[in-house]
Amino acid sequence: MDPKVAIDTLWVLITAMLVFFMNLGFGCVESGFARSKNTVNILSKNFIVFACSTVSFWLIGWGLMFGDGSPFFGLKGLFMLHGADNSPLTGDAYQGVYSAINWTGVPLLAKFFFQLVFAGTAATIVSGAVAERIKYISFILFSFLLVGLIYPVTGHWIWGGGWLAGLGMWDFAGSTVVHSVGGWAALAGVLVLGPRFGKYGPNGKINAIPGHSLPLGTIGVFVLWLGWFGFNPGSTMAADPGLISHICVTTNMAAATGILGATLTSWFLLKKPDLGMTINGCLAGLVAITAPCAFVSVGSSAIIGFLAGIIVVLSVIFFDRARIDDPVGALSVHLVNGIFGTLCVGLFAQDWVSPETTGNGLLFGGGTKLLTSQAIGVVAAGAYTFFAALIFWFIIKAFVGLRVSLHEEIEGLDIGEHGNAAYPDFVIHKPSYTAISSGSFVKHISNTPELSGKR
Amino acid sequence: MDPKVAIDTLWVLITAMLVFFMNLGFGCVESGFARSKNTVNILSKNFIVFACSTVSFWLIGWGLMFGDGSPFFGLKGLFMLHGADNSPLTGDAYQGVYSAINWTGVPLLAKFFFQLVFAGTAATIVSGAVAERIKYISFILFSFLLVGLIYPVTGHWIWGGGWLAGLGMWDFAGSTVVHSVGGWAALAGVLVLGPRFGKYGPNGKINAIPGHSLPLGTIGVFVLWLGWFGFNPGSTMAADPGLISHICVTTNMAAATGILGATLTSWFLLKKPDLGMTINGCLAGLVAITAPCAFVSVGSSAIIGFLAGIIVVLSVIFFDRARIDDPVGALSVHLVNGIFGTLCVGLFAQDWVSPETTGNGLLFGGGTKLLTSQAIGVVAAGAYTFFAALIFWFIIKAFVGLRVSLHEEIEGLDIGEHGNAAYPDFVIHKPSYTAISSGSFVKHISNTPELSGKR
Amino acid sequence: MDPKVAIDTLWVLITAMLVFFMNLGFGCVESGFARSKNTVNILSKNFIVFACSTVSFWLIGWGLMFGDGSPFFGLKGLFMLHGADNSPLTGDAYQGVYSAINWTGVPLLAKFFFQLVFAGTAATIVSGAVAERIKYISFILFSFLLVGLIYPVTGHWIWGGGWLAGLGMWDFAGSTVVHSVGGWAALAGVLVLGPRFGKYGPNGKINAIPGHSLPLGTIGVFVLWLGWFGFNPGSTMAADPGLISHICVTTNMAAATGILGATLTSWFLLKKPDLGMTINGCLAGLVAITAPCAFVSVGSSAIIGFLAGIIVVLSVIFFDRARIDDPVGALSVHLVNGIFGTLCVGLFAQDWVSPETTGNGLLFGGGTKLLTSQAIGVVAAGAYTFFAALIFWFIIKAFVGLRVSLHEEIEGLDIGEHGNAAYPDFVIHKPSYTAISSGSFVKHISNTPELSGKR
């Protein structure tokens with residue numbers, strides 16, 4: 001047997017396992033940044049979302065994304081992963097229906113497993129932004145639809161041999177395919193759902209709602225950082241020694257400078273180095289380097305990460321003021337920095353890093369051609385995902401409703417949705433909203449259509 | 001050097017590390033599902049059990065399990081891992097005393113390390129079922145005995161070239177060898193120990209005793225799920241690209257459908273999607289696919305997992321009503337689904353998945369021969385393990401006692417056994433049993449031999 | 001392509017990822033063993049320290065450590081990882097400026113990534129010892145200096161082809177290079193900072209200050225144990241099947257016997273098996289086997305770990321009585337056992353384990369030559385590190401101060417340094433120091449120069 005196939009398969013499977021482990025990271029970050037009364041619900045969502053993704057991507061998503069067919073979606077190998085793929089014997093003799101991914105010589109099921117964990121990541125990004133008010137069943141249904149019908153389409157455009165790939169757009173490990181797509185779907189959900197009760201008071205007051213466990217959040221980010229060493233270097237889908245070593249270093253460097261950028265920015269703007277900002281800076285750097293990790297130098301990765309760290313702090317403040325209520329900062333991390341990272345390919349790419357791919361970006365004398373392709377990709381993927389997601393959110397709202405009752409939201413979704421308490425032995429502070437739910441605030445609710453009307 | 005040996009060794013060691021990491025998963029699941037007053041004790045047990053397993057398996061277990069000798073246990077290479085094994089130079093020239101495991105060409109210590117982490121898993125399964133009432137020293141002693149003298153014997157029968165292997169029984173990664181064996185040993189312990197104080201009230205009342213931290217429990221299951229990507233695909237003990245990719249996908253699929261099966265079942269039976277059931281469904285799917293993961297199709301793995309998810313919910317309810325008190329559901333997950341998974345080989349195996357191994361199962365035209373062998377294996381391993389464990393539990397009870405005092409059980413084992421508090425900074429609810437321990441309940445105790453008598 | 005380069009690179013990168021993950025382990029252990037009011041601060045430190053290490057090691061540390069030059073520090077390839085290294089084509093034709101590390105044939109960036117995560121480990125060791133009283137900014141500055149200017153120098157002596165390597169000192173994976181160096185730097189910090197307020201009462205009373213979450217601490221140790229399977233076996237920097245299997249087993253064995261040694265010792269001395277001692281015993285065994293893991297037999301590793309477990313308990317008691325306040329036991333684990341492990345090479349090494357390296361140690365007939373070299377290495381690395389660290393601590397103290405105000409220390413660093421609360425939903429016990437800060441204790445403070453004066 002050719003040892004190369006075995007080595008590449010090991011790399012693909014092990015990195016896929018690391019990406020799988022990001023489910024734990026997202027679960028911890030999102031539950032840590034939410035209130036204790038919604039912890040079981042968030043953990044449940046982050047847990048079952050990967051089960052839904054597995055089934056949905058197997059049933060339909062994989063074929064839509066990688067099947068041969070049209071520039072817009074796959075038409076072959078559509079259901080339950082059937083269809084030939086002889087890629088381990090690559091070369092002129094390739095026979096199969098997944099030609100967009102025949103460049104890697106690992107077995108079909110290794111490719112499927114690796115792509116599955118990526119699809120699951122996109123779905124789990126949504127979970128955090130819609131947390132603390134969405135119905136469990138509604139989130140489950142959306143997850144099936146996102147992974148089965150939305151994610152694979154833009155994925156086909158960029159990674160499945162579709163029209164954006166033909167245009168010369170490059171997204172190495174998914175700043176757009178995974179992160180900004182997850183972010184756009186989340187934004188649509190947040191807009192349809194509206195903010196959490198109590199987040200925006202009367203007279204324009206913006207209330208901070210602190211997360212209930214920063215240790216949980218920090219554990220989560222460390223796990224995600226580890227997972228990213230699967231996400232980015234694994235996207236080679238082959239154990240190319242020089243390239244995977246390069247990507248490990250650029251990925252780690254952007255995380256590091258993202259931390260420093262966000263910490264300094266929050267120290268300057270908020271007077272103290274807020275831990276929430278520090279760890280979102282890390283994630284921002286990681287999201288931003290995801291598209292360019294294989295195309296830029298280590299020095300450029302340091303700059304990209306640092307800028308991402310600044311951007312994420314400004315973005316969190318912006319969404320807060322724009323009254324777009326995202327409990328965990330998922331939009332700032334995944335959407336905004338997914339876009340930023342995709343554009344960074346057009347700015348910072350250098351031909352020597354991965355010859356015969358992107359060529360040079362704008363800052364290294366390559367002109368605006370690459371940057372333009374990247375921008376087209378950002379807009380196209382964003383437009384499709386946002387509107388497709390919006391339609392699905394509205395359909396779900398019409399049939400089963402999206403939001404839990406106000407009473408359940410105040411009491412916490414753990415009891416209402418699951419009948420569980422996350423921390424039954426511990427004495428918990430009486431929620432402050434029992435106070436604000438009396439008096440003038442109740443009046444405010446009754447005047448707020450999205451709170452008093454159908455949810 | 002032959003690159004195959006290096007590649008296989010990498011695979012075996014890395015997957016062994018993942019299986020090792022399951023110790024963290026078990027520790028989190030078990031402590032999360034128990035009360036805060038017993039947290040230190042459970043963590044201590046889950047921690048030290050792997051130390052005991054390491055020493056015990058090195059001193060005696062490995063040789064009993066894999067040494068050449070009789071169909072019932074090994075007789076060569078018995079103590080402290082001595083004995084030649086030239087397996088990296090496999091073939092006709094094999095010389096050594098571990099011929100049952102000479103089919104993999106990795107160094108002896110890689111085989112030992114991989115098998116050691118499996119032995120540790122069996123021991124740690126016991127920990128959860130006997131939690132919240134067993135003496136620390138008694139559990140430590142049992143762990144030494146289980147890994148040194150019980151586990152290796154049935155292991156020899158099935159994986160060590162013993163009589164069940166000769167009969168044509170197949171257990172790819174240990175639904176029986178590890179999980180149901182751990183489960184039988186736990187069942188014996190639970191029966192000897194009796195239920196926790198307060199679990200069963202007077203007049204037949206069954207009290208739910210909720211776990212103190214569902215985040216801890218959920219973290220644990222994610223870690224276990226990751227660990228299973230070592231457990232099952234690693235059991236190839238060689239980096240066969242097609243097979244390990246296949247096993248990654250069947251393993252993941254059964255976990256996913258196990259989640260869905262248990263969630264739907266609990267939603268239907270209990271009216272709400274209980275998080276405890278959801279995560280036990282995941283574990284049930286994983287245990288059930290452990291034996292057949294290399295022998296069944298992806299579609300079959302989806303069915304097996306889904307059924308396991310249903311079974312685990314029914315089983316938890318059954319044990320609860322049967323007054324067999326298993327705080328974490330270990331019997332339902334590991335024993336019941338270990339049996340179910342072993343039988344699934346006889347039902348769902350298909351020859352094309354791993355040619356020249358099982359042949360077809362009953363549902364694919366292979367008749368009842370395979371299913372019968374599997375059933376014999378289940379019964380034989382169960383009978384030996386249960387009675388051997390029972391004897392050792394009674395011996396320990398006679399010499400050092402098994403159960404902490406009622407006072408210590410009510411106060412919590414953390415103080416009584418370790419002098420530590422798990423959460424000294426937090427205000428904890430007064431335990432409800434201070435209430436129930438007065439009045440009629442005390443009377444109930446004094447009439448209950450296993451509570452008032454020698455423990 | 002030569003498959004060996006790909007296999008070795010996989011091994012180096014994957015083990016480096018495991019070592020990276022130790023940052024999570026340290027974060028959990030240190031925050032779990034500290035009080036809840038300082039949790040955010042400790043997590044922040046453990047998080048940002050790796051960002052600082054990444055930048056500092058890239059800017060200057062790597063070149064100082066591995067660049068060609070003098071026996072005392074590197075002089076080539078100094079800034080930002082520039083300089084040629086053709087090591088994948090090793091042999092006579094080697095051309096580059098990092099000849100001390102040209103023995104491994106992986107790409108330069110793989111070497112850098114692996115060494116970077118080691119440098120980060122040394123820095124994070126400091127964090128625990130100085131916890132609960134150091135200013136955030138001061139710790140950040142020290143981290144930059146440690147990784148940029150202290151760690152690489154002794155690293156050069158031993159791993160960079162410097163004078164200690166020439167003398168025949170062996171430290172396979174860093175008992176000295178990483179652990180005792182981190183420990184010496186921490187000791188200097190502890191001495192300059194002084195003990196936490198309330199640790200030592202009037203009249204010589206020693207107060208125990210229990211950590212706020214033993215689950216967090218235990219999770220951390222499991223993660224560290226996993227990480228050590230990267231740390232030690234990865235230090236081969238090549239996938240040598242026999243050697244990496246051997247190191248996995250010796251590493252695991254020492255952890256196991258370290259657990260048993262510390263548990264028995266604390267059971268004997270403290271009357272109960274304290275969980276904190278058990279898990280420090282595990283870490284002690286791991287630190288002690290780090291230097292000799294590739295040079296000693298499995299049986300010797302069992303002895304080394306067991307002794308380390310005894311030593312760590314005695315050492316914790318010693319430092320406590322010596323009024324050297326180390327909240328997490330970092331000095332006992334990393335400094336004391338780092339020294340012990342380094343000396344164990346001189347005692348337990350056997351030539352057959354890694355031929356043509358250490359030769360036999362004292363206990364196996366090799367005489368005192370090796371032991372003498374090891375002792376010289378211990379003393380030299382300790383003297384340099386301790387005094388260099390002391391100077392930097394004093395410089396930082398002079399310019400920005402080292403210690404938070406007494407008011408902030410009593411209130412907790414989370415609010416004072418970060419404006420965050422770790423657990424805002426939970427009811428926390430009123431700190432006992434509000435009581436002791438009144439009356440005689442206040443008087444005690446005003447008589448204590450390091451508490452009442454400039455901090």
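Just so you know, these numbers use all the heavy atoms, side chains as well, and skip hydrogens, waters and symmetry mates. The shown structure was predicted, so the numbers you read here are calculated from the model rather than taken from an experiment.
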_Under 4.5 Å from any heavy atom of chain A - which part of A16(C)_ = neither
*Could you have a look at I259(A), L216(A), L270(A) and say which one has the most heavy-atom pairs with chain C under 4.5 angstrom?*
I259(A)
_Once rounded to the nearest 0.5 Å, what's the spacing between atom NE2 of H212(A) and atom CZ of R35(A)?_
11.5 Å
*Given that the side chain runs from C-beta out, which part of V40(C) has a heavy atom under 4.5 Å from chain A: side chain, backbone, both or neither?*
both
*Where does W225(A) contact chain C at under 4.5 Å (heavy atoms): side chain, backbone, both or neither?*
both
*Could you tell me which portion of I415(C) (side chain, backbone, both or neither) has an atom closer than 4.5 angstrom to a non-hydrogen atom of chain A?*
backbone
*With a 4.5 angstrom heavy-atom cut-off, which part of L13(C) approaches chain A: side chain, backbone, both or neither?*
side chain
*asked:* If I compare all heavy atoms of I7(C) with all of A239(C), which pair ends up nearest, and what's the gap?
replied: CG2-CB, 3.6 Å
_Quiz question: by atom type and distance under 3.5 Å, do the side chains of N420(C) and D274(A) form a donor-acceptor pair?_
yes
*Residue among V12(C), L43(C), T39(C) with most heavy-atom pairs under 4.5 Å to chain A*: L43(C)
*If you measure only the distance, is there a donor-acceptor pair under 3.5 Å linking the side chains of T54(C) and N252(A)?*
yes
*Is a donor on one side and an acceptor on the other found under 3.5 Å between the side chain of K37(A) and the backbone of E409(A)?*
yes
*Tell me, out of T218(A), D8(A), L226(A), who's got the most heavy-atom pairs with chain C below 4.5 Å.*
L226(A)
*Verify the ring-centre separation between F47(C) and F222(A): is it less than 6.0 angstrom?*
yes
*So what's closer than 4.5 Å to chain C heavy atoms on F426(A): side chain, backbone, both or neither?*
side chain
*asked:* Applying the side chain to side chain donor-acceptor pair (under 3.5 Å) criterion to K111(C), which one of T104(C), D85(C), N102(C) satisfies it?
replied: D85(C)
*Quick one: of V55(C), I428(C), L24(C), who has the most non-hydrogen atom pairs under 4.5 Å with chain A?*
L24(C)
*Distance-only side-chain donor-acceptor flag, T278(A) / T263(A), under 3.5 Å*: yes
_Winner by heavy-atom pair count (cut-off under 4.5 Å) against chain C, out of P210(A), G299(A), S36(A), P273(A)_ = P273(A)
*Top contributor to chain C interface from G242(A), S213(A), C248(A) [non-hydrogen pairs under 4.5 Å]*: C248(A)
*For S300(A) and S297(A), does a side-chain donor sit closer than 3.5 Å to a side-chain acceptor?*
yes
*chain A heavy atoms under 4.5 Å from F112(C): which part of the residue, side chain, backbone, both or neither?*
side chain
*Name the region of M80(C), side chain, backbone, both or neither, that has any atom closer than 4.5 Å to a heavy atom of chain A.*
neither
*Is it the backbone or the side chain of Y423(C) that comes under 4.5 Å from a heavy atom of chain A, or both, or neither?*
both
*Among V249(A), T257(A), V298(A), V223(A), which residue forms the greatest number of heavy-atom pairs with chain C at distances under 4.5 Å?*
V249(A)
*At a heavy-atom separation under 4.5 Å, does I14(C) approach chain A through its side chain, its backbone, both, or neither?*
side chain
_Does any part of the side chain of S266(A), heavy atoms only, come nearer than 4.5 Å to the side chain of L269(A), both counted from C-beta?_
no
*Report the C-alpha separation of T251(A) and N232(A) in whole Å, then their side-chain angles, then the decisive distance to 0.1 Å, and conclude whether the side-chain hydrogen bond (donor to acceptor under 3.5 Å, both in side chains) test is met.*
CA-CA 7 Å; T251(A) 299; N232(A) 287 4; 3.1 Å; yes
*Relative to chain A, which segment of L116(C) carries a heavy atom at a distance below 4.5 Å: side chain, backbone, both, or neither?*
side chain
*Sort I48(C) into side chain, backbone, both or neither according to what part of it lies under 4.5 angstrom from a heavy atom of chain A.*
both
*chain A heavy atoms under 4.5 Å from S44(C): which part of the residue, side chain, backbone, both or neither?*
both
_Within-4.5 Å side-chain heavy-atom neighbours: F139(C) and S127(C)_ = yes
*Without swapping roles, check the side chain of W11(A) against the backbone of P233(A) for a donor-acceptor pair under 3.5 Å.*
yes
*Please state whether the side chain, the backbone, both or neither of I42(C) comes within less than 4.5 Å of a heavy atom of chain A.*
neither
